[in-house]
Amino acid sequence: MIQSASSAPAAKPILEARGLGKSFVVKRSLFGRPLATVGAVDDVSLSLMPGETLAIVGESGCGKSTLGRLLMRLIEPSSGEVFIDGQDVTHASHTAVRAQRRHVQLIFQDPYASLNPRMTIAQTIAEPLMLHDIVPAGQRARRVAELLDMVGLRPEQADRYPHEFSGGQRQRVVIARALASEPKAIICDEAVSALDVSIQAQVLNLLKNLQKRLGIAFVFISHDLGVVKHIADRVAVMYLGKVVEMGTSDEIFAAPRHPYTRALLSAIPVAAPPSHQRSRAARLHGDLPSPLSPPEGCRLHTRCPHTRPDCKSVSMVLEVEAGGHANACAFWRELPAQDAGEIAREPRNPKLEKLFAAFEAMAARPAQTVTEG
Amino acid sequence: MSTPLRTVQADDASASVLDVTNLRVAFEGDTRTVTAVDGVSFSVRKGRTLAIVGESGSGKSVTSLAVMRLLPEHSARISGSVVFDGRELLEESKSGMRSLRGNRLAMIFQEPMTSLNPSYTVGEQINEVILRHRPISKKEATERAIAMLKLVRIPSPETRYHQYPHNLSGGMRQRVMIAMALACDPELLIADEPTTALDVTIQAQVLELMRELQQKTGTAIILITHDLGVVAESCDDVIVMYAGQVVEQCSVEDLFTFPQHPYTVGLLGSLPRLDEKREQLVAITGTVPDMANPPSGCRFQARCPFRVERCAEMPDLIEVTAGHFSRCWRAPMQDLVP
């Protein structure tokens with residue numbers, strides 16, 4: 001178990017995974033005997049402390065969404081244990097899990113698919129209030145108005161249907177619904193990936209403000225490292241079902257240790273003038289191996305630029321340091337040191353920074369209400 | 001209305017491959033007409049990459065489909081001029097277009113799975129393009145197809161040639177699309193969000209491949225993207241589109257050094273950055289206007305923090321500094337900072 005160094009030792013994690021694993025059967029024999037399985041998540045241990053944001057990053061197929069669903073206990077793990085608010089829910093009954101879900105909510109990527117088109121947004125947001133019996137029937141309308149206000153929508157919009165809203169607004173509705181049950185943690189699965197950058201920034205700012213005001217913890221599942229850097233306190237990097245590196249956001253972004261983290265960081269295209277582009281760290285070569293038969297030894301060895309013969313035989317264990325930083329590369333100390341140019345640096349001219357500041361200051365001037373659409 | 005532009009510099013000998021002037025695309029519905037592209041002009045030169053960047057609904061994809069004449073004729077009204085190699089594409093016959101497409105004009109789309117036919121092997125699909133446009137035997141076409149697969153660095157191309165799209169990974173499928181697009185040595189390649197569906201490590205590989213191939217073949221590329229990072233790393237020139245219009249046009253270097261339109265400033269500011277942690281991102285408030293009845297005057301005014309009374313009038317695309325155009329009354333932006 002890894003805890004963030006900053007949190008008080010007395011604090012109890014809201015979500016905790018111990019040795020969590022999930023494998024799916026992809027092929028069965030005529031009589032239902034499993035013939036092939038895919039290990040989507042393999043031996044993952046992590047914990048989420050109150051009020052912090054833990055990001056889970058990785059490419060498609062790394063198991064980050066499956067991990068999110070396991071943490072919510074939407075699916076039952078094949079191995080390991082899940083604790084929600086200190087309670088073991090690994091094999092808890094449906095009703096027991098449902099009661100616990102009040103404390104952990106989920107936001108999905110596609111706000112179009114996660115709202116019922118036949119319900120007004122007031123009905124949608126009131127549903128968790130009703131299900132968990134949080135607010136008596138008479139006061140629900142007021143609470144819905146409060147929630148809408150909290151996510152930057154106008155209470156007058158409560159009687160509209162989802163199709164009347166833009167993507168960004170819909171994601172705000174989804175956030176309001178998640179907030180309705182007064183959760184201690186929200187799992188955001190690619191919550192801003194479908195949005196345009198300018199709208200994405202609005203929603204990210206909203207999530208950050210809500211966290212500050214309400215002390216909600218986030219598990220932020222994303223493939224976008226820029227977004228993760230902006231929002232996360234701690235980051236877990238996954239590859240083929242395994243956590244390969246975990247640490248504070250500052251550590252991961254300033255001094256990544258695992259070759260996969262390094263490659264991932266250097267692959268992000270940087271919006272800087274071409275004359276200021278950094279030199280590239282070594283790239284990963286080839287494609288993701290089939291998760292049906294992950295490579296022996298270190299799972300990255302087939303693509304790693306620093307691979308050596310021993311990598312095929314080492315067992316991939318997460319080496320946890322006292323400070324909480326964990327890293328699964330057995331040879332990271334022997335890797336070539338990263339020169340400063342490899343770590344993303346985007347020197348910007350001071351005049352441009354002033355222009356951003358002016359844009360921000362002027363944008364903040366009129367009333368802060370969101371008038372979309 | 002927009003001023004026709006030529007960003008060609010005097011010292012550049014290479015001629016432009018494609019000239020688009022005052023392109024306008026309107027979709028007529030039963031009750032309303034949406035002007036998706038409103039007076040767009042640009043040119044693409046040999047061996048250069050032009051980025052068209054904008055958010056969803058800005059008209060960037062419609063622009064490229066109009067250039068390729070791929071829009072439905074019964075609903076899209078297209079005007080303006082698209083000149084490719086001295087020919088007016090908007091007046092070209094259907095068969096004329098068919099012999100250009102895939103041959104001298106090629107296109108790659110975002111989703112490689114839906115652009116490939118699942119019931120033919122990738123080899124057959126590349127062959128089809130070559131045989132359609134080149135008077136060569138099937139055997140020679142096969143050799144060429146395998147050579148193309150090798151060129152886009154698909155491992156064991158002879159085996160892959162006989163495989164179906166579902167046997168390939170997403171990155172590999174996009175490489176097949178690139179191989180198919182480049183099979184007839186096109187002069188112009190339009191890539192519409194070619195790497196958006198791919199993971200970052202694969203995206204980096206594909207972009208690098210496109211750059212290398214361009215250096216070899218001198219193909220002009222129009223890269224349509226919403227990702228400013230991709231623009232910065234793989235393009236030479238850029239046009240920024242907002243609500244159907246070009247709002248800024250310049251070299252990539254100029255755009256990222258100092259943008260001259262408030263929309264671009266907002267876009268750059270709203271990108272979460274890797275080298276700094278700020279409490280709040282610079283967000284652009286509001287959303288894009290309804291294109292069925294766009295606001296009169298500047299289309300960004302409702303969301304623009306720098307708006308003034310004059311913004312009720314539509315500004316022209318004016319040259320702010322050499323080769324750097326902006327559609328804003330308040331440009332140059334230098335004057336807005338202390």
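The basis for the numbers below is simple: all heavy atoms, side chains too, and nothing from hydrogens, waters or symmetry mates. Just so we're on the same page: letters track the sequence lines, and every chain starts at 1.
- Contact of B:Q334 with chain A is made through backbone and side chain together, with heavy-atom distances under 4.5 Å.
- The distance from the CG atom of B:D199 to the CG atom of A:L288 is 7.5 Å, given to the nearest 0.5 Å.
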> Can you list the steps and then say if A:F359 with B:M333 is a side-chain contact (heavy atoms from CB on, under 4.5 Å)?
Replying inline: CA-CA 11 Å; A:F359 189 95; B:M333 293 286 128; over 6 Å; no
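- Using a 4.0 Å cut-off between charged nitrogen and carboxylate oxygen, A:R257 and A:E245 do not count as a salt-bridge pair.
- Contact count versus chain A (heavy atoms, under 4.5 Å) is highest, among B:V231, B:T201, B:L198, for B:T201.
- Ring planes of B:H261 and B:F300: tilted class, angle from 30 to 60°.
- Under 4.0 Å is where a charged nitrogen must lie from a carboxylate oxygen, and between B:R153 and B:E208 no such pair does.
- When the candidates B:V265, B:L255, B:L228 are compared by the number of heavy-atom contacts under 4.5 Å with chain A, B:V265 comes out ahead.
- With a 4.5 Å cut-off on non-hydrogen atoms, A:L204 touches chain B through its side chain but not through its backbone.
- Heavy atoms of B:P259 lying under 4.5 Å from chain A belong to its backbone as well as its side chain.
- Heavy atoms closer than 4.5 Å to chain A are found nowhere in B:D290, neither backbone nor side chain.
- The closest side-chain donor-acceptor pair between B:R211 and B:Q214, if any, does not fall under 3.5 angstrom.
- Of the listed residues (A:A201, A:S290, A:G226, A:S198), the one with the most heavy-atom contacts under 4.5 Å to chain B is A:S198.
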